[in-house]
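These numbers were taken from a predicted model, which means no experiment stands behind them. Values reported hereafter were calculated over all heavy atoms of this structure, with side chains retained and with hydrogens, waters and symmetry mates removed.
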Amino acid sequence: MFKKIGPGILIAAAFIGPGTVTACTLAGVSFGYALLWAMLFSIVATIILQEMSARLGLVSQRGLADIIKQELTTPWVKKMVIGIILAAIVIGNAAYEAGNIGGATLGLEAIFGNEYTKVYPFIIGVVAFILLFIGNYKTLEKIFVTLVLLMSISFLLTAIITKPNISEIAKGLFVPSMPPESLLMVIALVGTTVVPYNLFLHASIVSEKWKSTDYLKTAQRDTIISLTIGGVVSMAIVIAASSIPGNEVTSVMDLTKGLEPLYGNSARYFMGIGLFAAGVTSAITAPLAAAYVANSCFGWQAGLKDIRFRLVWITILFLGVFFLSFGIQPIEIIKFAQVANGILLPATAVFLLWVTNKTSVMGTYKNSVLQNTIGVIIIGLTLLLGIKSILKVFEVF
């Protein structure tokens, strides 16, 4: 079964991490169904951009960073763009890694209590370091993905059990609204779904999985089906969280209330195991993705055990633990990570749209007018949201 699974399901698993659970729960608790349209937009944007990434990897048999380097001929422009890509991936992944470790920390808090909260990030960091260093984590990864799947199914069942108002859900999905103080939450929902490093990762994985354009339809179907399933799970979390009493989530125990209709008092353990599994899985993949991008940007052609490759993922892992060592609540770190990702997304999407329109790279498989139109709309909206969120953070607007 695992041999037949395409890259799409791995990308979907990457965005159903602790950040997604937290952001979607916060959105549901604070705004009910009102921000479901933001999830729908995020899912459509993810499918469109990840399809471009998959098609690029399949046609060129190279990663996104490699193509960008090849197509930029002016030396100073090439250096500047590669610098931007590296900064986006390092900053974005460091913040995302802190969110991953924070999510796994929340999982341990749910299971064992918060008496040792300050120690949990270091424990998780050491576990992730050992798994990455020895490189023998594939079996564990399958176990963790299975646990994340269990948590996802739990949210789907909970969303059904709570008997949500279908007409209100439809209104939330198709009638966009921005309740007061919801801007950063909209950015967080976009940032937790359309993950910039996944655009780099998808092209690389596809080029390893399939070696011919004969598999283009298979790759596209894999992307659409996998990401749609991931999107449905994310929406189910928002819907399930809408039934949580109160309007504020400050701790993991508030998060576990989302599963109480299904598991009762045992909800904390199911949520804890799911968050821990999602956190550790993402804590492994995020540093690896950053190392792969750095590998392409610098043209190292380094293997997994190369010291340069290891230094990149060690740096990302260290920064993730470091950000959590200031005593900031894991939930706040996770929210920041999603907002950072949402702001970095437009720059990454611009590069992707540019290379998928070049005949020298894509040949007859370059973007259609419709794909370009949707791509430009996605970039425009994410750019607008990103600018507004920056102004909001600095209280200018």
Exercise. Mind checking whether Phe133 and Trp313 have parallel, tilted or perpendicular rings, split at 30° and 60°?
Worked result: perpendicular
Exercise. At their closest point, which heavy atom of Val206 faces which heavy atom of Ala54, and how far apart are they?
Worked result: CG1-O, 3.4 Å
Problem set entry | Thr359 versus Lys366, closest heavy-atom pair with distance | OG1-NZ, 3.1 Å
Exercise. Taking atom CG of Leu26 and atom CZ of Phe31, what is their separation to the nearest 0.5 Å?
Worked result: 9.5 Å
For this session: Say whether Phe322 and Leu311 are linked into one hydrophobic cluster, either directly or through other cluster members, by side-chain heavy-atom distances under 4.5 angstrom.
Result: no
Exercise. Listed by chain and number, what are the ring pair (Phe, Tyr, Trp, His ring centres under 6.0 Å) partners of Tyr263, not counting sequence neighbours?
Worked result: Phe270
For this session: Drop me the distance from Phe276's CZ to Leu108's CG, to the nearest 0.5 angstrom.
Result: 5.5 Å
Problem set entry | Pairwise distance CG(Leu35) to CE(Met39) - rounded to 0.5 angstrom | 10.5 Å
For this session: Taking the side chain as every heavy atom from C-beta outward, state whether Met235 and Leu36 have any atom pair closer than 4.5 Å.
Result: yes
For this session: Before giving the answer on side chain to side chain contact (heavy atoms under 4.5 Å, CB included), spell out for Gln371 and Arg55 the whole-Å C-alpha distance, their side-chain angles and the decisive distance to 0.1 Å.
Result: CA-CA 12 Å; Gln371 286 169 323; Arg55 184 160 31 94; 3.3 Å; yes
Problem set entry | Distance-minimising heavy-atom pair for Ser167 and Asn165 | OG-OD1, 2.6 Å
Seminar exercise, completed: Closest non-hydrogen contact found for Val194 with Ser42 is CG2-O, 3.5 Å
Problem set entry | Min side-chain heavy-atom separation Asp222-Trp210 under 4.5 Å | yes
Exercise. Any chain of hydrophobic side-chain contacts (each under 4.5 Å) joining Leu201 to Phe298?
Worked result: yes
Exercise. Is there a side-chain contact between Ser360 and Glu71 (heavy atoms, below 4.5 Å)?
Worked result: yes
Problem set entry | Side-chain touch Leu199/Met52, heavy atoms, less than 4.5 angstrom | no
Exercise. Do Trp354 and Ile67 come within less than 4.5 Å of each other through their side chains, counting heavy atoms only?
Worked result: no
Exercise. So, the side chain of Lys69 versus the backbone of Ile82: is there a donor-acceptor pair under 3.5 Å, distance only?
Worked result: no
Problem set entry | Arg268 side chain vs Ala110 backbone, donor-acceptor pair below 3.5 Å | yes
Exercise. Does Ile224 belong to the same Ile/Leu/Val/Met/Phe/Trp/Tyr cluster as Ile43, with side-chain heavy atoms less than 4.5 Å apart forming each link?
Worked result: yes
Seminar exercise, completed: Here the pair of heavy atoms bringing Ser234 nearest to Cys24 is O-SG, 3.6 Å
Exercise. Can you find a heavy atom in the side chain of Leu345 that is under 4.5 Å from one in the side chain of Leu49?
Worked result: yes
Name each donor-acceptor pair under 3.5 Å that joins a side chain in residues 372-379 to protein atoms two or more places apart or in another chain, with its distance.
from   : atom 1 : to     : atom 2 : distance (Å)
Asn372 : OD1    : Asn357 : ND2    : 2.7
Asn372 : OD1    : Asn367 : ND2    : 3.1
Asn372 : ND2    : Asn357 : OD1    : 2.7
Asn372 : ND2    : Ser368 : O      : 3.4
Thr373 : OG1    : Val369 : O      : 2.8

Problem set entry | Main-chain N/O of Ile239 paired to Ser243 side chain as donor or acceptor, under 3.5 Å | no
Exercise. If you draw a 6.0 Å radius around NZ in Lys211, do more than 12 non-hydrogen atoms from other residues or ligands fall strictly inside?
Worked result: yes
Exercise. Between Leu58 and Tyr365, does a side chain to side chain contact (heavy atoms under 4.5 Å, CB included) hold up when you go through it step by step?
Worked result: CA-CA 10 Å; Leu58 191 64; Tyr365 297 99; over 6 Å; no
Scan the side chains in residues 120-130 for donor-acceptor partners under 3.5 Å anywhere in the protein, sequence neighbours excluded, and list what turns up.
from   : atom 1 : to     : atom 2 : distance (Å)
Tyr120 : OH     : Gly113 : O      : 3.0

Exercise. Does NZ in Lys171 sit with more than 12 non-hydrogen atoms of other residues, nucleotides or ligands closer than 6.0 Å?
Worked result: no
Problem set entry | Approximate separation, where rounding is to 0.5 Å, of Arg221 CZ and Glu51 CD | 13.0 Å
Exercise. For the side chain of Trp37 and the backbone of Ser177, is there at least one donor-acceptor N/O pair under 3.5 Å apart?
Worked result: yes
Seminar exercise, completed: dist Gln61:CD -> Asp66:CG (nearest 0.5 Å) comes out at 12.0 Å
For this session: May I have the step-by-step check of side chain to side chain contact (heavy atoms under 4.5 Å, CB included) for Ser207 and Arg62, ending in yes or no?
Result: CA-CA 6 Å; Ser207 64; Arg62 282 173 293 169; over 6 Å; no
For this session: Would you check, one step at a time, whether the test side chain to side chain contact (heavy atoms under 4.5 Å, CB included) holds for Leu317 with Glu97?
Result: CA-CA 7 Å; Leu317 186 58; Glu97 184 68 353; 3.2 Å; yes
Exercise. Got Met178 and Leu183 here, is their nearest side-chain heavy-atom distance under 4.5 Å?
Worked result: yes
Exercise. Is it true that Met80 and Leu352 fall in one hydrophobic cluster, defined by side-chain heavy atoms closer than 4.5 Å?
Worked result: yes
For this session: State plainly whether one hydrophobic cluster holds both Leu132 and Ile307, where clusters connect Ile, Leu, Val, Met, Phe, Trp and Tyr through side-chain heavy atoms under 4.5 angstrom apart.
Result: no
Exercise. From Phe41 CZ over to Leu381 CG, what is the distance, rounded to the nearest 0.5 angstrom?
Worked result: 4.5 Å
Exercise. Can you check whether Leu275 reaches Glu109 side chain to side chain, under 4.5 Å on heavy atoms?
Worked result: no
For this session: Using modelled atom types only, decide if a donor and an acceptor are shared between the side chain of Thr74 and the backbone of Trp76 within a distance under 3.5 Å.
Result: no
For this session: Please name the pair of heavy atoms, one in Ala34 and one in Pro179, separated by the smallest distance, quoted to 0.1 Å.
Result: CB-CG, 3.9 Å
